[in-house]
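For reference, the structure discussed in these notes is given below.
When a residue number appears, it is its place in the shown sequence, counting from 1. Atoms within a ligand are numbered from 1 in the order they appear, just like the ligands themselves.
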Amino acid sequence: MSTIYAGLVLDTPESPFDGGELRAEETALVITDGVITFRGSLTATQSQSPEAEVVHLEGVLLPGFVDTHVHYPQLPIIGGLGMPLMEWLDDCALPQEAKLADPEVAQQVAGDFLTGLRLAGTTTALVFGSHYASAMDIFFAAAAESGLRVTSGLVVGDRLLREDLHTTPERASTEAADLIAKWHGVGRLRYAVTPRFSLATTEKLLTVCAETLASAEGLFFTSHINENTDEIATVGELFPQSGSYLDTYDQFGLIGPRSVVAHNVHPSKAELARLGQTGASVSHCPSSNSALGSGLFPLAAHVDHGVRVALGSDVGAGTGLNLIQVGLQAYFHQQLQPGGYPLMPAHMLYLATLAGAQALDLQTVGHLSEGMQFDAVQIAPRSGSTLSTVLSHANSPADTLASIFTLGSDADVKQVWVGGDLIG
Ligand code: GUN
Ligand code: ZN
């Protein structure tokens, strides 16, 4: 049985950073078994699928959002303002992360986190996990139940965190192997090898990470990089033989097309060149970078070096899960620096959707063309809301999209689908 969804559909099938444009069409999509099997006028879709139910969607239909960097344990501590990275980790993030040793806490936080993603219109996420294998088992089970596309993994560190968050190379290896065997490739779940950051990982542990990454097909690698100048200086002292922060991962074979490194606010030219050459992706997390005072992201330099960039909310340092709002912060970051990349609404939509899908190697997610999965979010503001008023005055689809990125929030997310399933 098929369903036809008809309405104003906005997406970016090609990257606007490579000449692609915003596609805006009053159109209809035939969905069969979760896939867009036909796209055309309502009349054409109805003659193609005469028995299909027709659903008219008010507002705008966008591809589901893809969050490439978000910490599940940190949801309850959003809003810890006034601290730079290392102080925020010690005073805010790590005490919260220690609480996930308790399975009841992990269960509650996992549920709240996945609900939060769904309410924000996020359909796919690369999720920074917990330091506890028990909390990861609980999270993967809840993620499978949620219907979202989730890539995640056990976070590992063996120095300079709290003692109760430290692992050993041996334990990291067996716990990751067990989680991969149980969850990697199950439904919409995949596993990501996740050292917290090289500041907190010895060479022995990074060696184990590399072995884990090579242990199964389709695994991902994710971590943090070049976020804060004090952090970068410490990493330089801890790895005197490494040429750069990137090199602390790269020398272990952890950097490639299935690697997503978060932040990269302060990269060297050599690091950008290497990221471009390896096909790794950078998760740009502007609201977190503002909240922690980490700096302004050099997007133009990433584009110049051919580095793939997508968006991350970086909750809990980030100020919320909603990628519309993160997209606006990305725009502000470019506006606020000399030589900042002139982001247009199409760039913001691309960064929040297709760019993330590409970073996560999900080839049938990120736009709403025939043959793609129906992962979508309906944006329909309440009548009387400022966004609804502004949209009624929009002169073009680009205006409509700009207004959504400027004013939109969870309140405007009406329905969310993943693989054709209505999940919210
Ligand atoms: N670097 C290491 N851990 C973290 C974290 O939890 N958040 C951020 N923003 N940076 C980190
Ligand atoms: Zn992070």
Determine, for Glu58 against Lys414, whether the closest basic-nitrogen to carboxylate-oxygen distance falls under 4.0 angstrom.
yes
Among His224, Arg196, Gln74, which residue places a heavy atom closest to atom 1 (N) of ligand 1?
His224
Can Asp421 and Arg188 be counted as an ion pair, charged N to O under 4.0 angstrom?
yes
Say whether Glu227, considering both its backbone and side-chain N or O atoms, lies within less than 3.5 Å of an N or O atom on ligand 1.
yes
Using a 4.0 Å cut-off to any heavy atom of Leu85, which atoms of ligand 1 qualify?
8 (C), 10 (N), 11 (C)
Close approach of His263 to ligand 1, heavy atoms, under 4.0 angstrom
yes
Consider side chain to side chain contact (heavy atoms under 4.5 Å, CB included). Of Asn264, Asp304, Val282, which one does Leu272 pass it with?
Asn264
Any salt bridge between Lys99 and Glu104, counting N to O under 4.0 Å?
no
Lys/Arg-Asp/Glu bridge criterion (N-O < 4.0 Å) met for Glu217, Arg190:
no
I'd like the atom name of the N/O/S atom in Asp314 lying closest to the Zn ion (ligand 2).
OD1
With heavy-atom distances below 4.0 Å as the criterion, list the atoms of ligand 1 near Asp314.
8 (C), 9 (N)
Of all N/O/S atoms in His71, which lies nearest to the Zn ion (ligand 2)?
NE2
What atoms in ligand 1 come closer than 4.0 Å to a heavy atom of Trp88?
5 (C), 6 (O), 7 (N)
Does any N, O or S atom in His69 come within less than 2.8 Å of the Zn ion (ligand 2)?
yes
Relative to the ring of Trp183, is the ring of Phe140 parallel (under 30°), tilted (30 to 60°) or perpendicular (over 60°)?
parallel
Mark up the atoms of ligand 1 that fall under 4.0 Å of a heavy atom belonging to Phe197, in ascending order.
1 (N), 2 (C)
Ring centroid separation Phe197 to Tyr245 under 6.0 Å
no
